[in-house]
Structures are given as C-alpha cells and as structure tokens.
Amino acid sequence: MGRQPADHSGNDGSVCQNRPLYGIILSVYQIRIFCERIIRTSGSDPRKQDGTVMNHDHVRTRFAPSPTGFMHVGNLRTALYEYLIARSAGGRFILRIEDTDQKRQVEGALQRIFQTLADVGLQHDEGPDVGGPYAPYVQSERLSLYPEYAQQLIDSGHAYRCFCSQERLENLRREQEASGQVGGGYDRRCRDLSPADIETRLAAGTPFVIRQKMPLTGQTTFTDAVFGQITVENSELEDQVLLKSDGYPTYNFANVIDDHTMAITHVVRGSEYLSSTPKYNLLYSAFGWQPPVYVHLPLIVGDDGRKLSKRHGAVSFSDLTAEGYLPEAIINYIALLGWSPPDNRELFTLEALCEHFSVNRISKSPSVFDYQKLAWFNGEYIRQMTPDTFLRFSEPWFSQVCGPLAPEPARLLAELLQPRVSRLSDIPDMIHFLAEAAPIDPELYVNKKSKSTLETTRQILPLALARLEALEHWTRDDLHALLTGMAEAMSVKNGQIMWPVRIAIARQAVTPGGAIEVLLLLGQEESLKRIRAVCRFLQSLPQAE
RNA sequence: GGCCCUAUAGUCAAGCGGUCAAGACGCCGCCCUCUCAAGGCGGAAACAGGAGUUCGAUUCUCCUUAGGGUCACCA
C-alpha cells in the first residue's frame, strides 16, 4: 500500500541525440515521475456492490480538454463526473491540457478553461496553474516523454516506423472509397520493413510516423464501468499513429502515456471513445501497465438525436451563461443528464452531488439536452435566492431597459421579477413597457374574467384618473385603498377597476405585477400621463350603441 | 459499408421476474388571484416489434427494426 516513488522516465536528457528530428522540439527535461502503485481488486468488474469506486485512497481522475476556447456542455459534464468520482472517493481531480494539435490553438482558451471550472466550482487539485507532483500538466510541455516511450514500443515489437507519405495515404483512402469500402484503414505496408530498408530511409531523412502494431488475430476485451464488457476482433483494429511526423504524439498515445505517468485511476470520457478503447488497452499491455478503470459516458444529444452541436443552440458554458442561466443550475441539470439518484431528488448542489453520486447509476443511453428543463432548474435557483441576491443578479438586466433605478423601485421590481423569471435574459422583454408606452390597443380593455369592456372602461377610467390625480401619497397602501374603495363604492369586482387601469398604463395584457405595482413602478407622473392619453383616445372613439 | 453501443410517455428518468409501470420538465384543467407568474390540487401521456426461457416477462436470451457512435499524422 501507499506510494512508491519510481523513476519512470529514465530520462537523462540525452534521448534526442540520436534522433535529430526530435532534437528541435525537445528541451531537456529532467522528469521524475512518481507513480502510485495502484492496487486493484481482482474481479474484472470495477464496481463494487454499493456502487462506489474502488481504491478510495487513491482515486485520481483527470479532465483533459484541448484548448479550443469553447467549453461544450458535454465536456463540462465529463469534467463534473470526473470531479464527482474523485471527490466522492476522497480522491484527486487533475486538470491536464491536451494541446498536441498545433493547428487548433486558440488564444485565451486556457483562461476560459480555468474560468469555467472556477465558475462552476470544480476545483482541481493539480493542474498547469496550481502545479502538482506530476507536473507539467500541459502536453506540449511534456513532449520529451513521448518519443521515449514510442521507441520503447518499437524495441519491444509493438510499434514500427511508417514512412508512407501523406499523399500515398490519401490515395489509398480514395481507392478504398472508390471500391466501395469505407474506413479500410492503413494497409500496413511499412509494418514489416527490413532493418536495412529502415536504415536507408532514416539515412535519407525520410519523415516517418510511428504506428502501433496491432495483433492480426484474436480479440481484445475490456470492461467499462458503465457499458460492461466489450469485445472486439483485433483484426478490426487499425495500426494507428502514435507519434506524428512532427514528433508530436497523437491524442491516443499521449493520453495513455500521461494517464499512466500521472497515475490516473479512472478514465472518464464520452462514449464516442468506446470503440477506440481496445487500442488503448493494447497499448497498456504492450507497456506492461495496468489499464485504468474506464467510465464511458452516454452522449448528450440535440433534439434530433445527434451529438449536441452549435446548430442546436447554446451549447457552450459561456453561451448558456450569456443567456442568463446560472452556473449552479447548469451543473445541477447536466449532472442529471445520464445519472440519477436512487430517490426522486432533483435539486443538488455540487456538494450534495459529491455525497450522492455513484458510477453505477450512470445510464447507457444518450440523453437529449432539454432547454426547457434547464430553464426550470434555473427558475428554481432564482427563486431560492434571497431578495438581495436576486436584486444583485437582476439589476444589470433591468437597468439596461430602465436605466439606473432608485433603491425602492429597484427593490420592488426585483421582488416582482423573482418568481416570474426563469432566465435572467428574459427580463428586458418583460419590462420593456416600463420604458416605453406601446400604442393604445382598444381590444385589450375587453376582458371577460375581469368583466371589463370598452364601455366600462370608458366610464371607469376617467373616474379613476381623477382620483389618482388627487392622490397625495403615491404608495402601495394608498393606491390599494383608492382602487378597492372605488370598486366597493361602485359595487363592482376589483378587477373591473384594476384591469383598465393596468392596461392603460402598461398597454399590454400581461405584466409582472398587478395594477398597483405597475402604478408604483411607473410613478405618479408617468402613470397619469398614460391614463390621460387613453381617456382622450376612448373619447375620440365613436360611441357604441 | 465494417465494427461498437443504445432502446420505458414529447423530454429527463425509476424499475433490476409478480408494480394499478414511480417521479420531474413540458402540456391541459381547477383553486388562489387586480393580468401573468409563483404556490396548491388534479389530468392526458410510455415498456419499438417478434420469437424463446419461465407458472409468470418492461425486466433474462436471440432475431428484427430504429437511432447513435466510430473507422485521421483531430481531440
């Protein structure tokens, strides 16, 4: 038990000398890798009866995004589950940046990743910004590692140099397509080159990649923590590229090396990796390493059943927050996309998730991202806020319509909005009428439930106007007394008074708050102005019989 | 197309041989009510199809069908 420091690299900084190609990209790293000895239960099923993951003391998961400047909710959910698996087992959550594709670098992407994780509260224990015992945590800074391991594989007969040009590969693919077969894969021409052949090409400086030598027969089986046992024929496996001609590792290779050297115990990722996992396992066994526990997650799809992408709407964390969704709501919602608790609970803080999460309740079937349900969660979180908190969150949204408000009206507005808002971004539309009076629409004064008609309005509104003009204190209580007093005096329902007044000042059927609230928000001057305009308008109308 | 995976209401989902097949979102209705919300109550709505195993299949097995994923010097 416990940690056993072990020098895994054997790297004395001289690796590059015999291989000029790598010399360019290598700086001298003295890497000492401490590897935890991972003790596993003997059974092939990594799940325990109670659904907890094993190795409570040593669980290490990693989130390994590539810096594309875009945090897809699918990735975010993966990060979340990785975090939860680690935390619920008292383990560690690591952030690693996978930037081996030089063509896809995006400026500021790293910051975006840090910020997003911070916003949602997924705090990592090790990573490029916080360091850790397995540094560096950025693949482009670990470049010296990969050729070393690739060479090891060549030496042991599990990999080979492939000198085929990209052109030849393209032609090959085109021919395969022409003959009707899709995805025929590399034809393994360089798999059995003679040593002399290889020497000649190396001497000539022919660029090469290093490919994994897949077994031609037999089958490979692995057990996934959610999908169970999966077996594929080795003949289906392509001799995939491990090291590109520029000396960079492919994702597939770097992943295995990094996960192992960083002592990652649980590899959590989307199910799109399911079919390439056997290749990973073959790599592990080629090195003689213990493969990690695999936890493949069902896909998050759009309402058309395909992988969620931009054409489905807002799919990145920043898109979602820009639309007024709260980080807590997003986390809560995506936690439930593909996982469910044993009871019917739906509202979970991150902390609660840590407590209740278990990998054996992760489902296998893909789930549709439902914006309506997200909005419901968002509304729940909004309603849970204290009035002050909600005021702070909503103020920027309503002041963009109303301008800066005095404390009292701002508090009132927030109070009215809080139970009615599901996304903060809905606020401007809801209160636009406060800033600008819409044209008068006589039809709006007709409402059956309030027993309001054009005729009653024509009678009542001028009366109400007169009284409101005379009102000394424009307060909730006085307005209420005035309006309900009128109804009582006239022996009509409150609605028959309230309706025309509210419509006259709001000019729309639906408003947050009733007549009194809208009167308060608008203030005496503006309210009277709008009512007068309506009275004038009604008088200009031809009298009904 | 090969390989892999998946299949309970529109959506998320519980179920792990015997249930009137939960719950939530959404939808509809009622209550509350000065509109709309919020809140309360109620309603409609599902085991893809076919064989087999079994006294008994939503549940186990097989086939079919339908969806999805994957087949790069991308991650």
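In what follows, chains carry the letters A, B, and so on, assigned in the order in which the sequence lines appear, proteins first and then strands, with residues in each chain numbered from 1.
Put simply, the side chain of Lys364(A) and the base of A7(B) share no donor and acceptor less than 3.5 Å apart. Judged by atom type and distance alone, Ser245(A) reaches the base of C73(B) through a side-chain donor-acceptor pair under 3.5 Å. With hydrogens and angles left out, the side chain of Tyr273(A) and the base of A75(B) share a donor-acceptor pair within 3.5 Å.
Close to A14(B), at under 4.0 Å from its OP1 or OP2, lies no side-chain N or O of Arg345(A). For the OP1/OP2 pair of U70(B) and a distance below 4.0 Å, the side-chain nitrogens and oxygens of Lys307(A) include at least one atom meeting the criterion. Taking 4.0 angstrom as the limit, Ser340(A) places a side-chain polar atom (N or O) nearer than this to OP1 or OP2 of A14(B). Between Ser367(A) and A13(B) there is a side-chain N or O to OP1 or OP2 distance below 4.0 Å.
Comparing the C1' positions of G39(B) and A48(B) gives a spacing of 39 Å, expressed to the nearest Å. Distance check on atom P: C36(B) versus G42(B) gives 22 Å, rounded to whole Å. G56(B) sits 26 Å from U64(B) when the P atoms are compared, rounded to a whole Å. The same atom, C1', is picked in C47(B) and in A57(B); the two are 11 Å apart, to the nearest Å. For the P atoms, the distance from U58(B) to G26(B) is 31 Å, rounded to whole Å. For the C1' atoms, the distance linking U33(B) with A38(B) amounts to 12 Å, nearest Å. A gap of 14 Å separates the C1' atoms of A22(B) and C16(B), to the nearest Å. Comparing the C1' positions of A66(B) and G50(B) gives an interatomic distance of 15 Å, to the nearest angstrom.
Here G68(B) is the nucleotide among C12(B), A75(B), G68(B) with the atom lying nearest to any side-chain atom of Arg306(A). Distances were taken from every side-chain heavy atom of Met498(A) (C-beta onward) to each of C34(B), G2(B), C73(B); the shortest belongs to C34(B). For Ile230(A), the side-chain atoms get nearest to C4(B) when compared with the rest of U70(B), C4(B), A72(B). The nucleotide whose nearest atom lies closest to any side-chain atom of Glu380(A) is, among G39(B), C71(B), A14(B), G39(B). The side chain of Val232(A) sits closest to C4(B) out of U35(B), C25(B), C4(B). Side chain of Leu337(A), nearest nucleotide from A14(B), C34(B), C12(B): C12(B). Distances were taken from every side-chain heavy atom of Trp376(A) (C-beta onward) to each of C25(B), C36(B), C71(B); the shortest belongs to C25(B). When distances are taken from the side chain of Ser363(A) to each of G69(B), A13(B), C74(B), the shortest belongs to A13(B). Here the side chain of Arg211(A) is nearest to one of C25(B), C73(B), A75(B), namely C73(B). Listed nucleotides U70(B), A38(B), A75(B) differ in distance to Thr100(A); the shortest reach to its side chain belongs to A75(B).
In terms of modelled atom types and a separation under 3.5 Å, the side chain of Arg502(A) and the main chain of Gly514(A) share no donor-acceptor contact.
As judged by a 4.0 angstrom heavy-atom cut-off over every strand, Lys449(A) is placed among the base-contacting residues.
Put simply, the residue from Phe222(A), Tyr251(A), Tyr294(A), Tyr280(A) that forms a ring pair (Phe, Tyr, Trp, His ring centres under 6.0 Å) with Tyr273(A) is Tyr251(A).
If you find the closest nucleotide of RNA chain B to Asn344(A) and to Val209(A), the one lying nearer the 5' end belongs to Asn344(A).
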